Amino acid sequence: MKALITTFFVCATLLSATAQQFFIGSGLRLILKEGTKIVQVESLVRDSPAARTNLRPGEFIHAINGISTTGLSVPEVYALIEGPEGKSVILTVGETRREVTLTVSKITGFCMEGDCENGTGTYVEIDGSRYEGQFKNGRFQGDGTIYSGTNVLYSGQFRNGLRHGKGIETVGNSRYEGDFSDNVREGKGKLEISGHVLEGNWIAGQMLGEFTISYANGNQYRGYFQDGAPNGYGIATYPSGNRFEGQWTDGAKTEGKYFWTNGEYYDGPFDTNGRTGHGSLFFPDGAHYEGEWKNDEMDGDGMLIFPDGSKFEGTFKEGKASGFLRFSGEKNDLTLKETSLGDIMQKWKEHFTND
């Protein structure tokens, strides 16, 4: 469970529009469209080595230094192109298979248009992502949006160049909508990831406190969340209508009550295999079992207590029990060997009915 609700964050630092930062690269942004086996030029970073060639967005790159790119992933193609400053590669591109020489060098961020000091403008980061929105003193301030190509990474409020206030962050298959403080999630928010929905309170970028989690399989959890998983008291409900109320540790039930829709419920400890230790099972007809459990089954010494005071005491193992059924009143006791729980209850009902 813990792995399923792992959260994702944008790690890139948002730069001031006046900062003269740079990185070594080609300035080439590539994509691999669905249904194709060859990478394609998506865009060229302005004033980059790629922009100074005659490469055009939409062109396919068929080879790099004579090495075919057919079947290669985008990271594998980047590995062939990128390198230390001064590295040159020959790209075979386009329908005519022309050759383009590309030399890796420094790339800096820049203001593409508008007022990137005190106004509204578009600023391109050194990694090719861009910010469109409001600026104050050369920093992102107010409402703005960060893009990677045509994909929105973040849309919302900024302060001093950092995400701050209300915003929506999208990374991979996750989407967070809620509060930010100094570039981290802080406050109320909702995270959607891989079909799961988590709603609650973030502290310093971490999920902590009361949360409601709706899982893709229909399960739901309401309770305390810490260290990436349910920890503390919580209630889980399941599509079958069953529910659990009690304590959780690292996403697993440890102690509490589990209710079935037929009216039965168990009260006691749990481990990763289910019911364990000393616990009680209550039946709709008023009978209940008190005793030992292992691997989600009655296992060891136990007692089955009936509404009229009759009792079965014995040893349970693999769904059967051996012991004594002692009836209330003056009825004779019964000695039972390797008898199923259902048969024990039936024998009590027969004597109770014939009383």
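Computed from a prediction, not measured in an experiment: that's the story for all the values here.
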Query - Aromatic Tyr258 / basic Arg275 pairing, under 6.0 angstrom, 45° off normal - result: no

Check this for me: does any side-chain nitrogen of one of [X] and [Y] sit under 4.0 Å from a carboxylate oxygen of the other?
X      : Y      : result
Glu42  : Arg29  : yes
Lys257 : Glu245 : no
Lys294 : Glu292 : no

Would you list the atom pairs, donor with acceptor, under 3.5 Å between side chains in residues 96-104 and any protein atom, with sequence neighbours excluded?
| residue | atom | partner | partner atom | Å |
| --- | --- | --- | --- | --- |
| Arg97 | NH1 | His62 | NE2 | 3.3 |
| Arg98 | NH1 | Glu59 | OE2 | 2.6 |
| Arg98 | NH2 | Asn54 | O | 2.8 |
| Arg98 | NH2 | Glu59 | OE1 | 2.9 |
| Arg98 | NH2 | Glu59 | OE2 | 3.1 |
| Thr103 | OG1 | Ser88 | OG | 2.8 |

Report task. Just do the ring pair (Phe, Tyr, Trp, His ring centres under 6.0 Å) check on Trp348 and Phe312 with the steps written out, would you? Result -> CA-CA 9 Å; Trp348 169 77; Phe312 171 83; over 10 Å; no

Report task. Let me see the working for Ser322 and Glu338 under side chain to side chain donor-acceptor pair (under 3.5 Å), right down to the final yes or no. Result -> CA-CA 5 Å; Ser322 298; Glu338 295 188 358; 5.6 Å; no

**Report entry** Backbone N/O of Tyr221 and side chain of Tyr215: donor-acceptor pair under 3.5 Å
**Finding:** no

Report task. Kindly state whether the ring of Trp202 and the ring of Phe211 have centres lying under 6.0 angstrom apart. Result -> yes

Report task. Run the ring-centre check on Tyr131 versus Tyr123 and record whether the distance is less than 6.0 Å. Result -> no

**Report entry** side-chain contact (heavy atoms from CB on, under 4.5 Å) against Thr120, all qualifying residues, sequence neighbours excluded
**Finding:** Gln134

Interatomic spacing from [atom1] in [X] to [atom2] in [Y] - rounded to 0.5 Å:
X      : Y      : atom1 : atom2 : value
Leu208 : Asn201 : CG    : CG    : 7.5 Å
Arg163 : Ile168 : CZ    : CD1   : 13.0 Å
Glu290 : Asp301 : CD    : CG    : 13.0 Å

**Report entry** Reference residue Tyr265; test ring-ring contact (aromatic ring centres under 6.0 Å, His included); the match among Trp260, Phe283, Phe282
**Finding:** Phe282

Query - Stepwise side chain to side chain donor-acceptor pair (under 3.5 Å) test for Asp267 and Ser280 - result: CA-CA 5 Å; Asp267 187 359; Ser280 302; over 6 Å; no

**Report entry** Criterion salt bridge (Lys or Arg N to Asp or Glu O under 4.0 Å) against Glu169, the qualifying member of Arg175, Arg185, Lys190
**Finding:** Arg185

Query - Heavy-atom side-chain proximity of Asn151 to Thr170 below 4.5 angstrom - result: no

Query - Candidate pair Ser340 and Asp343, rule side chain to side chain donor-acceptor pair (under 3.5 Å), full reasoning - result: CA-CA 5 Å; Ser340 68; Asp343 286 343; 3.2 Å; yes

Query raised in the report: Just by distance, with hydrogens left out, do Gln220 and Thr212 show a side-chain donor and acceptor under 3.5 Å apart?
Result: no

Query - Heavy-atom neighbours of Lys37 NZ exceed 12 at 6.0 Å - result: no

Query raised in the report: Which atom pair, heavy atoms only, marks the closest approach of Gly277 to Pro269?
Result: CA-CG, 4.2 Å

